[in-house]
Amino acid sequence: MSLMSIIFLICLIIGIFYLVYVKRKERKLIEQVTPLTRGEWSERRVILKLLKEGINPKAIFHDLYIQKPSGEYTQVDVVVATKAGIIVFEVKDYSGWIFGNEYQKYWTQLLAYGKEKHRFYNPVMQNAGHIKAIRQCLPQNPGIPIYSVIVFFGNSEFKHVTCSADNTFVIYPHSIRQVVSEILMQPNANFGNKYEIMNLFTKAVQNGNDSMIVSSQINSAAYYGRKKPQSTYTISFNSLFRFRGLSHRRKFW
């Protein structure tokens with residue numbers, strides 16, 4: 001074996017060991033917040049990015065089941081409690097071109113260069129529903145700022161997407177750090193009772209361990225058709241997409 005081959009083999013072994021080390025470290029970070037078997041891979045990637053940004057793991061809540069006044073439950077992917085308020089993440093994992101705006105009930109997904117079209121429930125509206133349910137459970141914290149962040153994982157591309165709603169962001173994963181930093185630059189929120197917030201989110205995570213609650217939420221979501229794209233052959237093209245200028249700063253709750 002030549003010297004170059006030996007050097008290459010050593011570098012390869014070092015690289016493999018380093019990759020294993022990094023993956024183990026990432027798994028340990030995620031496990032500070034949630035089990036590796038809970039939720040979707042993309043949701044855990046959001047958690048990992050938040051932890052790497054320095055967010056306290058005790059302020060991150062994953063896979064929450066919030067009970068609405070009607071008695072039904074709504075499932076929320078990730079919630080973060082911060083000094084600036086509450087950040088609610090809705091995580092999507094789609095490929096293809098994405099079309100839609102904050103007012104359309106359904107957004108459109110195009111695959112195979114437009115040969116295949118699907119629709120899925122407007123994620124801005126979906127997360128607004130989550131935020132409404134959270135607000136209804138926080139009577140001691142009226143008016144607290146709640147930020148909506150919709151993150152698209154997968155090989156997706158925004159073609160004609162708009163969202164000009166206050167405190168709402170539709171982003172790719174690489175923008176999570178920038179968006180969270182911008183939110184944390186906002187003035188401190190006027191909390192009425194922080195314990196009410198922590199108790200709500202802690203209980204909501206525990207609800208995810210109740211198979212009856214999870215089953216009822218899944219059935220409800222299936223009824224409203226909000227989880228998976230549905231085939232359609234109508235599409236609305238809008239050119240209202242607005243990007244936000246973002247800055248960087250970190251804080252902790």
Side-chain angles (χ1 to χ4, degrees), residues 33-34 38-40 43 46-47 50 55-56 58-92 101-107 120-151 163-170 179-180 183-184 186-227 253:
V33 175
T34 189
R38 184 159 180 167
E40 302 294 333
E43 296 167 10
V46 170
I47 293 170
L50 294 170
I55 300 294
N56 189 329
K58 293 182 179 180
I60 305 173
F61 302 86
H62 173 229
D63 193 28
L64 306 88
Y65 288 77
I66 307 285
Q67 188 172 26
K68 299 185 288 186
S70 64
E72 294 182 331
Y73 288 85
T74 187
Q75 189 272 339
V76 183
D77 293 334
V78 180
V79 171
V80 184
T82 76
K83 286 184 177 180
I86 299 169
I87 308 175
V88 180
F89 287 89
E90 174 63 28
V91 183
K92 298 299 183 185
N101 63 52
E102 62 191 286
Y103 304 108
Q104 294 173 310
K105 185 174 181 179
Y106 293 98
W107 285 17
F120 57 99
Y121 186 70
N122 182 336
V124 175
M125 291 183 178
Q126 183 178 6
N127 217 29
H130 297 160
I131 291 172
K132 180 180 178 181
I134 290 171
R135 285 198 183 280
Q136 291 172 332
C137 295
L138 297 175
Q140 298 178 46
N141 290 274
I144 184 173
I146 302 182
Y147 300 87
S148 176
V149 182
I150 296 96
V151 187
C163 181
S164 57
D166 291 340
N167 297 337
T168 302
F169 303 84
V170 182
V179 168
V180 171
I183 291 171
L184 294 179
Q186 302 306 308
N188 290 350
N190 184 18
F191 291 93
N193 185 347
K194 290 184 178 181
Y195 292 105
E196 180 186 56
I197 296 172
M198 300 303 287
N199 290 339
L200 169 64
F201 295 152
T202 300
K203 179 63 165 59
V205 172
Q206 293 172 352
N207 287 340
N209 297 321
D210 188 322
S211 59
M212 293 185 64
I213 291 176
V214 174
S215 178
S216 68
Q217 189 279 327
I218 291 173
N219 291 335
S220 177
Y223 175 78
Y224 291 110
R226 296 182 177 182
K227 283 300 179 182
W253 196 39

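Predicted model, so just to flag it, every value in this text is computed and none were measured.
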**OP:** Taking the side chain as every heavy atom from C-beta outward, state whether Thr34 and Asp63 have any atom pair closer than 4.5 Å.
**Re:** no
Subject >> Min side-chain heavy-atom separation Arg38-Asn209 under 4.5 Å >> reply: yes
Original post:
Should the heavy atoms of other residues, nucleotides or ligands under 6.0 Å from CD of Gln136 be counted, would the total exceed 12?
Top reply: yes
Original post:
What closest approach, in Å, do Glu196 and Pro139 show between heavy atoms, and which atom pair accounts for it?
Top reply: OE2-CD, 3.0 Å
Original post:
Taking atom CD of Gln67 and atom CD of Gln217, what is their separation to the nearest 0.5 Å?
Top reply: 12.5 Å
Original post:
Looking only at heavy atoms, what is the nearest atom pair of Lys58 and Met198, with distance?
Top reply: O-CE, 3.6 Å
Original post:
Can you find a side-chain donor-acceptor pair between Ser164 and Glu102 that sits under 3.5 Å?
Top reply: yes
**OP:** Run through Ile146, Leu64, Ile197 and flag the one making a side chain to side chain contact (heavy atoms under 4.5 Å, CB included) with Val79.
**Re:** Leu64
Subject >> Side-chain heavy-atom pair Arg135, Ile144 within 4.5 angstrom cut-off >> reply: yes
Original post:
To the nearest 0.5 Å, what is the distance between CD1 (Ile134) and CG (Leu200)?
Top reply: 7.0 Å
Original post:
Can you tell me if Asn193 uses its side chain to pair, donor with acceptor, with the backbone of Gln140 under 3.5 Å?
Top reply: no
Original post:
Any idea which heavy atoms bring Tyr65 and Gly208 closest together, and the distance?
Top reply: CD1-CA, 3.5 Å
Original post:
In terms of the angle between their ring planes, are Phe61 and Phe201 parallel, tilted or perpendicular, with boundaries placed at 30° and 60°?
Top reply: tilted
Original post:
Hey, are the side chains of Ile60 and Val78 touching, using non-hydrogen atoms and a 4.5 Å cut-off?
Top reply: yes
Subject >> From Asp77 atom CG to Gln126 atom CD, the distance as rounded to the nearest 0.5 Å >> reply: 7.5 Å
Subject >> Rounded distance [0.5 Å steps], OG1 in Thr168 versus CD in Glu90 >> reply: 12.5 Å
**OP:** For Ser216 and Val214, indicate whether the former's side chain and the latter's backbone hold a donor-acceptor pair under 3.5 Å.
**Re:** no
Original post:
Rounded to the nearest 0.5 Å, what separation is found between the OH atom of Tyr106 and the OH atom of Tyr121?
Top reply: 7.5 Å
**OP:** Please report the closest heavy-atom contact between Gly192 and Asn141, naming both atoms and the distance.
**Re:** N-OD1, 2.8 Å
Original post:
Atom NZ of Lys132 and atom CD1 of Ile66: how far apart are they, to the nearest 0.5 Å?
Top reply: 15.0 Å
**OP:** Given side-chain hydrogen bond (donor to acceptor under 3.5 Å, both in side chains), test Lys203 with Asn199 step by step and report yes or no.
**Re:** CA-CA 6 Å; Lys203 179 63 165 59; Asn199 290 339; over 6 Å; no
Original post:
Within a strict 4.5 Å, meaning less than it, do heavy atoms of the Val80 and Tyr147 side chains meet?
Top reply: no
Original post:
Which pair of non-hydrogen atoms, one from His130 and one from Gln75, has the smallest distance, and what is that distance?
Top reply: NE2-O, 3.1 Å
Subject >> Side chains of Asn101 and Val124 in contact at under 4.5 Å (non-hydrogen atoms) >> reply: no
Original post:
Can you check whether Lys105 reaches Asn122 side chain to side chain, under 4.5 Å on heavy atoms?
Top reply: no
**OP:** For Ser148 and Asn127, work out which heavy atoms get closest and say how close.
**Re:** OG-ND2, 2.8 Å
Original post:
So, do Val151 and Val179 sit near enough that their side-chain heavy atoms are less than 4.5 Å apart?
Top reply: no
